[in-house]
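Shown next, in structure tokens, is the structure this report addresses.
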There are 2 protein chains.
Amino acid sequence: MAYEYEYPHPAVTVDVVIFTIRSDELKVLLIKRALEPFVGRWALPGGFVDLKESLLDAAKRELREETGVAAAYLEQLYTFGEPDRDPRERVISVAYYALMPSDALEIKAASDAEGVGWFTIDELPELAFDHSEILQMALERLVAKLDYSTIAFQLMPEEFTMPELRHLYELITREEIDARNFAKRILALDVIEPTGRDRREGAHRPAKLYRVKDRSKVEVIK
Amino acid sequence: MAYEYEYPHPAVTVDVVIFTIRSDELKVLLIKRALEPFVGRWALPGGFVDLKESLLDAAKRELREETGVAAAYLEQLYTFGEPDRDPRERVISVAYYALMPSDALEIKAASDAEGVGWFTIDELPELAFDHSEILQMALERLVAKLDYSTIAFQLMPEEFTMPELRHLYELITREEIDARNFAKRILALDVIEPTGRDRREGAHRPAKLYRVKDRSKVEVIK
DNA sequence: GCAAAAGTGTTCCAGATACACCCATGT
DNA sequence: ACATGGGTGTATCTGGAACACTTTTGC
């Protein structure tokens with residue numbers, strides 16, 4: 001039951017930063033650790049890479065296990081390998097980050113187990129290992145990519161309105177955006193189309209609903 | 001002499017794509033493999049990560065061992081971990097890329113051992129493992145970063161002229177660049193300064209020499 | 001004095017920004 | 001009818017692209 005090698009081998013894990021939008025906030029999924037080290041501390045979902053699965057598959061598996069959702073935007077972020085980042089043994093962590101449409105989680109959300117939680121990015125608890133650093137880098141990447149890719153649509157539900165999309169950008173960049181310029185810019189990308197329907201909500205003019213023409217396609221702009 | 005683990009562990013290597021400019025070409029350092037698998041095939045320099053060293057230190061060590069140069073721009077590229085990328089066992093490779101100033105290598109260049117060579121990027125031999133893929137990604141990253149960072153100066157010698165710098169950009173992007181606009185743009189970055197001296201070379205007006213104000217600093221533009 | 005490459009400034013265009021009014025709804 | 005937020009166009013600015021002539025040297 002032991003595995004032997006001629007040379008020492010580190011353990012390799014995959015950790016995933018899972019972002020979504022809930023209650024009008026940018027949220028991250030965290031897990032309360034049940035085992036040593038850092039028992040009781042919150043941490044990013046992750047686990048050891050199976051010898052027969054690719055890194056991406058391992059990340060997908062984590063994503064599925066924790067959210068019940070198979071499909072989401074998933075991208076490798078960075079590999080963290082300081083010798084002492086895990087007190088047990090040398091552990092190298094390949095970090096990924098995932099973007100989940102806010103509607104994909106509705107069902108699973110209800111059955112949130114004890115020890116799993118969505119945290120607003122500016123109300124994060126102290127995290128285990130170097131997970132704060134990983135999370136920080138994921139956030140920076142997300143903010144940066146918002147600018148030159150169409151990544152943001154990966155966080156939107158099937159149908160959404162222009163004000164909702166704009167609000168997402170404002171949430172992530174923490175800056176106000178002019179509605180007219182925003183709509184112009186987004187429509188010029190030619191990646192969303194009106195569904196023809198609209199959403200009435202409150203005592204004002206209804207907002208048009210849009211949908212992404214081809215989901216799965218994340219394009220780098222220009 | 002054996003290392004035992006309760007669970008299977010992959011091996012972890014660091015591979016480094018080392019770029020430099022020589023003979024007016026963008027070159028990459030490759031090593032001829034002396035061991036199975038892929039004996040005799042060219043490959044990126046790399047090796048197993050020591051259990052006590054960080055990933056970055058491992059990359060630095062490879063760099064030093066192969067080029068004799070300790071300092072260079074070094075950045076993590078991506079982690080490659082397909083289950084079958086190495087026929088021996090599961091090997092996960094954390095790839096880095098390095099940029100060496102063209103003058104740093106002069107000494108070592110002469111003593112190039114058999115089985116080590118600088119290859120022009122469009123005259124590459126068939127590579128071992130998935131190293132072609134790694135190299136390809138490094139090249140894409142280099143081209144992309146040229147645009148929005150001051151990374152290019154890492155490839156220049158201590159002193160250089162504006163036409164030389166422009167030529168470097170042309171080599172990497174494979175596009176002609178207008179000399180006037182180029183000079184304007186580069187000087188606006190405010191990262192280089194004239195040395196006051198100039199370089200006479202051929203039957204024409206000498207070019208001013210410039211130097212980087214603060215090497216080590218790679219800034220993202222805007 | 002001629003060939004060869006370096007230095008340099010202005011005009012133009014496109015994409016981004018600033019900005020205000022009318023429209024459709026619920027109450 | 002009025003309050004609320006959504007929809008939309010134009011003028012301006014700014015950064016990038018296009019573009020040509022003068023300068024300094026070696027021969």
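To find a chain, count down the sequence lines: A is the first, B the second, and so on, and within it residues start at 1.
The residues R85(B) and D130(B) are annotated as salt-bridged, a charged nitrogen and a carboxylate oxygen being separated by less than 4.0 angstrom.
Judged by distance alone, with hydrogens and angles left aside, the side-chain atoms of R41(B) form a donor-acceptor pair with the main-chain N or O of L127(B) at under 3.5 Å. A donor-acceptor contact shorter than 3.5 Å links the side chain of T67(A) to the backbone of V69(A). A donor-acceptor distance shorter than 3.5 angstrom exists from the side chain of S149(B) to the backbone of I151(B), with no hydrogens or angles considered. Looking only at distances, no side-chain donor or acceptor of D214(A) sits under 3.5 Å from a matching main-chain atom of K217(A). A donor-acceptor pair under 3.5 Å is formed between the side chain of T150(B) and the backbone N or O of E219(B). T195(B) contributes a side-chain N or O that, together with a main-chain N or O of R197(B), makes up a donor-acceptor pair within less than 3.5 Å.
Y96(A) pairs with exactly one of V17(A), L44(A), L56(A), I18(A) by the side chain to side chain contact (heavy atoms under 4.5 Å, CB included) rule, that one being L56(A). Remark: of the listed residues I192(B), D190(B), V191(B), D190(B) is the sole one forming a side chain to side chain contact (heavy atoms under 4.5 Å, CB included) with K213(B).
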How would you summarise protein contacts on nucleotides 22-27 of chain C per nucleotide, using B for base, S for sugar-phosphate only and - for none, with heavy-atom distances below 4.0 Å?
-BBBB-

Which letters describe nucleotides 10-20 of chain C, given B = protein heavy atom under 4.0 Å from base, S = only from sugar-phosphate, - = neither?
B------BBBB

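Overall bending of the helix from dG1(C)-dC27(D) to dT27(C)-dA1(D), expressed as the angle between end axes built from five pairs apiece, is 0° (10° steps).
With sequence neighbours excluded, the residues forming a ring pair (Phe, Tyr, Trp, His ring centres under 6.0 Å) with F129(A) are F38(A), H131(A), listed by chain and number.
Taking NZ of K60(B) as the start and CZ of R64(B) as the end, the distance is 9.0 Å to the nearest 0.5 Å.
Ring orientation note: the planes of F160(B) and F153(B) are tilted relative to one another, at an angle of 30° to 60°.
Protein chain A contacts DNA chain D over a range whose 5' and 3' limits, counting nucleotides with an atom under 4.0 angstrom from a non-hydrogen atom, are dA3(D) to dT10(D).
At least one side-chain heavy atom of E164(A) sits under 4.5 Å from a side-chain heavy atom of R199(A). Side-chain contact between V12(B) and F48(B): absent, with no pair of heavy atoms (C-beta onward) separated by less than 4.5 Å.
Taking the ring axis of Y169(B) as reference, the NZ or CZ atom of R174(B) does not stay both within 45° of it and closer than 6.0 Å to the ring centre.
Against DNA chain D, the stretch residues 149-162 of chain A makes no heavy-atom approach under 4.0 Å.
Residue K208(B) places at least one side-chain N or O under 4.0 Å from the OP1 or OP2 atom of dT8(C).
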